[in-house]
Novice: 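Before I ask anything, here is the structure I am working with.
The structure displayed is predicted, hence computed values, not measured ones. Hydrogens, waters and symmetry mates are skipped; everything else that's a heavy atom, side chains included, is used.
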Amino acid sequence: MGTASALAVNPRSARVQEYLAGLREDGVRVLADRLRSFSGADGLPPGSDPSALARLLVTVVQGLAVQAASGVPREALHTVADQMVTCWPRRAD
C-alpha cells in the first residue's frame, strides 16, 4: 500500500513517485524470478509467462488492499482471492 500512496502526487514530487514505482517494479521482478524457479516438472505448466503471472498477482493483491482500505467486507475479499486461485495455471495430470 505504501507504494500505491504516491500514485497521485504533486508534480514536484516526481522523484519520489519514480522511486516508489521502481520499488513496485522490483517486487514484480522478484516474484517473477521466484515463479521462474518453479518452472519444470512440478511447477508452472508449459507456456506460462512468469512475468505476466507476477504482474497479475501483484495487481490483484494491490487491488485487494485498496478494496480493504475502502471498507469492502473481508468475506468479499476472500471470494476474490479464492477466484484468483481458480484462475491460476495448473499442470495437466
Side-chain angles (χ1 to χ4, degrees):
M1 257 328 263
T3 57
S5 63
L7 293 175
V9 296
N10 186 303
R12 293 179 295 182
S13 302
R15 286 180 39 187
V16 171
Q17 191 174 26
E18 290 170 9
Y19 172 75
L20 293 173
L23 289 178
R24 285 192 301 274
E25 287 303 309
D26 288 347
V28 172
R29 194 170 19 263
V30 167
L31 183 54
D33 289 345
R34 182 73 174 136
L35 291 172
R36 267 186 214 90
S37 75
F38 292 125
S39 296
D42 296 324
L44 296 172
S48 295
D49 182 341
S51 294
L53 289 171
R55 188 162 306 280
L56 172 64
L57 186 55
V58 167
T59 299
V60 170
V61 169
Q62 288 174 344
L64 286 169
V66 170
Q67 294 287 305
S70 298
V72 172
R74 175 176 243 136
E75 182 178 303
L77 300 173
H78 279 266
T79 299
V80 172
D82 291 342
Q83 187 62 50
M84 180 65 205
V85 170
T86 66
C87 296
W88 198 256
R90 291 178 174 76
R91 295 191 65 81
D93 291 329

Novice: Is it the case that the side chains of Arg29 and Ser51 hold a donor-acceptor pair, with the cut-off being a distance below 3.5 Å and no angle test?
Specialist: no

Novice: Could you pull out the closest heavy-atom pair between Ala54 and Leu35, with the gap in Å?
Specialist: N-CD1, 3.7 Å

Novice: Check the side chains of Gln83 and Thr86 for a donor-acceptor pair under 3.5 angstrom, ignoring hydrogens and angles.
Specialist: yes

Novice: Please round to the nearest 0.5 Å and tell me the distance separating atom CG of Leu20 and atom CG of Asp26.
Specialist: 11.0 Å

Novice: Which residues pass the side chain to side chain contact (heavy atoms under 4.5 Å, CB included) test with Leu57, sequence neighbours left out?
Specialist: Leu31, Val61, Trp88

Novice: Can you sort out the partners of Glu75 under side chain to side chain contact (heavy atoms under 4.5 Å, CB included), two or more places apart, ordered by chain and number?
Specialist: none

Novice: Looking at Arg90, I want to see if its CZ is surrounded by more than 12 non-hydrogen atoms of other residues, nucleotides or ligands under 6.0 Å.
Specialist: yes

Novice: Taking atom CZ of Arg24 and atom OG1 of Thr59, what is their separation to the nearest 0.5 Å?
Specialist: 10.5 Å

Novice: Check whether Val30 and Tyr19 end up in the same hydrophobic cluster, where Ile, Leu, Val, Met, Phe, Trp and Tyr are linked by side-chain heavy atoms less than 4.5 Å apart.
Specialist: no

Novice: Is the shortest side-chain heavy-atom distance between Glu25 and Arg55 below 4.5 Å?
Specialist: yes

Novice: Do Met84 and Val58 land in one hydrophobic cluster if side-chain heavy atoms of ILVMFWY residues count as linked below 4.5 Å?
Specialist: yes

